[in-house]
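Computed from a predicted model, the values in this text were never measured in an experiment. What you see below is based on every heavy atom in this structure, not just the backbone, and it leaves out hydrogens, waters and symmetry mates. Along the sequence shown, the residues carry numbers beginning at 1.
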Amino acid sequence: MDLKGRHLLTLKDYSPEEIQYLIDFAGRLKKKKQSGEIGQLLKGKNIVLLFEKTSTRTRCAFEVAAFDEGANVTFLTNSQMGKKESIEDTAIVLGRFYDGIEFRGFKQETVNLLAQHSGVPVWSGLTDLYHPTQVLADLLTVQENFGELKGRKLVYVGDARNNMGNSLMIGCSKMGMHFVAVAPKSLFPEDQLVDEMKELCQKTGGSITLTEDIKAGVAGADVLYTDVWVSMGEEAQMAERIKLLSDYQVNMEMVKATNNPDVIFLHCLPSFHDLETQVAQDVKARFGLSEMEVTDEVFRSRHSVVFDEAENRMHTIKAVMCATLVGE
Ligand code: CP
Ligand code: NVA
């Protein structure tokens with residue numbers, strides 16, 4: 001599979017075979033790391049990581065993945081881009097220095113422009129619209145637990161119109177999975193993307209269901225997935241979201257309603273499942289909630305594989321960089 005020179009801006013741009021290749025390649029790289037073998041695939045490469053929004057997993061995954069295979073990394077949060085310099089000029093300059101560019105930020109248009117003008121592979125580390133590298137890690141985790149992706153039912157509960165809702169719907173549709181969004185109607189994904197993915201499902205054998213009915217939606221789930229109720233940049237909407245989504249919390253009652261004793265729980269993280277953080281304590285003081293999208297009980301239960309999923313960010317991002325820069 002030749003993916004050299006390709007960008008990763010959304011999984012919409014990748015075929016099911018290409019996505020499967022990246023997942024399997026990540027699995028091989030994971031084994032390689034576990035065996036202690038020192039990688040050289042990215043030796044001599046320079047990579048820049050541009051961040052407008054905060055991150056733990058994505059930044060660290062890119063850095064460790066790059067270091068593991070011999071690349072050098074620059075972490076850039078205070079560039080001139082968008083302030084004293086256009087995105088186009090920034091892209092051209094970075095493309096002269098670097099072999100690959102990661103961008104995390106607000107607008108999808110920014111990452112698209114970087115890709116258009118830099119002349120090197122550009123990888124999205126999340127925008128308001130999509131989070132493609134996260135979904136690759138999610139799919140690897142599902143494959144590790146169930147052997148294959150096709151036919152599996154992934155139920156996403158919560159804010160179904162955010163970057164995770166969109167990207168999981170795309171990833172599941174591509175891989176012939178059954179995607180169910182359980183959410184209030186006002187938080188369903190955009191009609192245009194739903195229609196596009198429904199059409200794709202006719203070819204892949206997947207399906208898409210959007211429902212407000214929690215019990216019917218989660219029944220038979222192989223994977224229960226949720227994300228924060230308020231994404232980065234939307235903090236002002238906290239009160240409104242809590243009102244809309246409090247019935248959609250993933251708790252043990254919901255896990256039981258899947259009728260699947262082997263259902264796994266996934267969350268891209270970070271998650272509000274306990275009171276440890278300052279933000280959670282503020283939420284408790286303002287809204288009386290100590291747990292939000294998932295209870296601590298589910299988060300720490302045998303169903304939860306969220307830390308395997310987090311680790312898989314690194315292996316899948318490594319596969320993306322290696323495949324698009326040099327091949328296997
Ligand atoms: N899941 C994820 O993207 O985590 P970070 O925000 O910590 O990068
Ligand atoms: N929807 C979340 C995902 C974080 C990884 C956000 O954008 O904040």
Under 4.0 Å between a Lys/Arg side-chain N and an Asp/Glu carboxylate O for Asp282 and Arg286?
-> no
Looking at residues at least two apart in the chain, or sitting in another chain, which of them share a ring pair (Phe, Tyr, Trp, His ring centres under 6.0 Å) with Tyr98?
-> none
Could you note down all residue pairs passing salt bridge (Lys or Arg N to Asp or Glu O under 4.0 Å) where residues 201-221 supplies at least one of them, sequence neighbours left out?
-> none
Residue pair Thr133 / Trp123, side-chain donor-acceptor N/O under 3.5 Å | no
Under 4.5 Å between any side-chain heavy atoms of Met321 and Lys45, yes or no?
-> no
Output every pair passing ring-ring contact (aromatic ring centres under 6.0 Å, His included) with a member in residues 307-328, not counting sequence neighbours, ordered by first then second residue.
-> Phe299-Phe307
Any side-chain hydrogen bond (donor to acceptor under 3.5 Å, both in side chains) pairs touching residues 255-269, not counting sequence neighbours?
-> His267-Glu293
Can you pull the salt bridge (Lys or Arg N to Asp or Glu O under 4.0 Å) pairs that have at least one residue in residues 82-109, sequence neighbours excluded?
-> none
Write out all pairs satisfying side-chain hydrogen bond (donor to acceptor under 3.5 Å, both in side chains) with one or both partners inside residues 63-72, taking only residues at least two apart or from two chains.
-> Lys32-Glu69, Lys33-Asp68, Asn46-Asn72, Arg59-Glu63, Asp68-Lys318
Residue set satisfying ring pair (Phe, Tyr, Trp, His ring centres under 6.0 Å) with Phe265, at least two apart, ordered chain then number -> none
Residues that Glu52 engages under salt bridge (charged side-chain N to carboxylate O under 4.0 Å, His left out), provided they are two or more places apart = none
Within-4.5 Å side-chain heavy-atom neighbours: Ile170 and Tyr130 | yes
Does anything in residues 130-144 pair up under salt bridge (Lys or Arg N to Asp or Glu O under 4.0 Å), and if so which pairs, sequence neighbours excluded?
-> Lys30-Glu144
Check residues 175-182 and write down every donor-acceptor pair under 3.5 Å in which the side-chain atom is one partner and the other belongs to a residue at least two apart or another chain.
residue: His178; atom: ND1; partner: Ser207; partner atom: OG; Å: 2.7

Would you check if there is a donor-acceptor pair between the side chains of Gln116 and Asn112 at a distance under 3.5 Å?
-> no
Enter the distance from Thr211:OG1 to Phe188:CZ here, rounded to the nearest 0.5 Å.
-> 6.0 Å
Residues 147-154 side chain polar contacts: donor-acceptor under 3.5 Å, at least two apart:
residue: Lys150; atom: NZ; partner: Thr204; partner atom: O; Å: 2.5
residue: Arg152; atom: NH1; partner: Asp222; partner atom: OD1; Å: 3.4
residue: Lys153; atom: NZ; partner: Ala219; partner atom: O; Å: 2.6

Can you tell me which residue pairs pass the salt bridge (Lys or Arg N to Asp or Glu O under 4.0 Å) test with a partner in residues 170-198, sequence neighbours excluded?
-> Lys12-Glu196
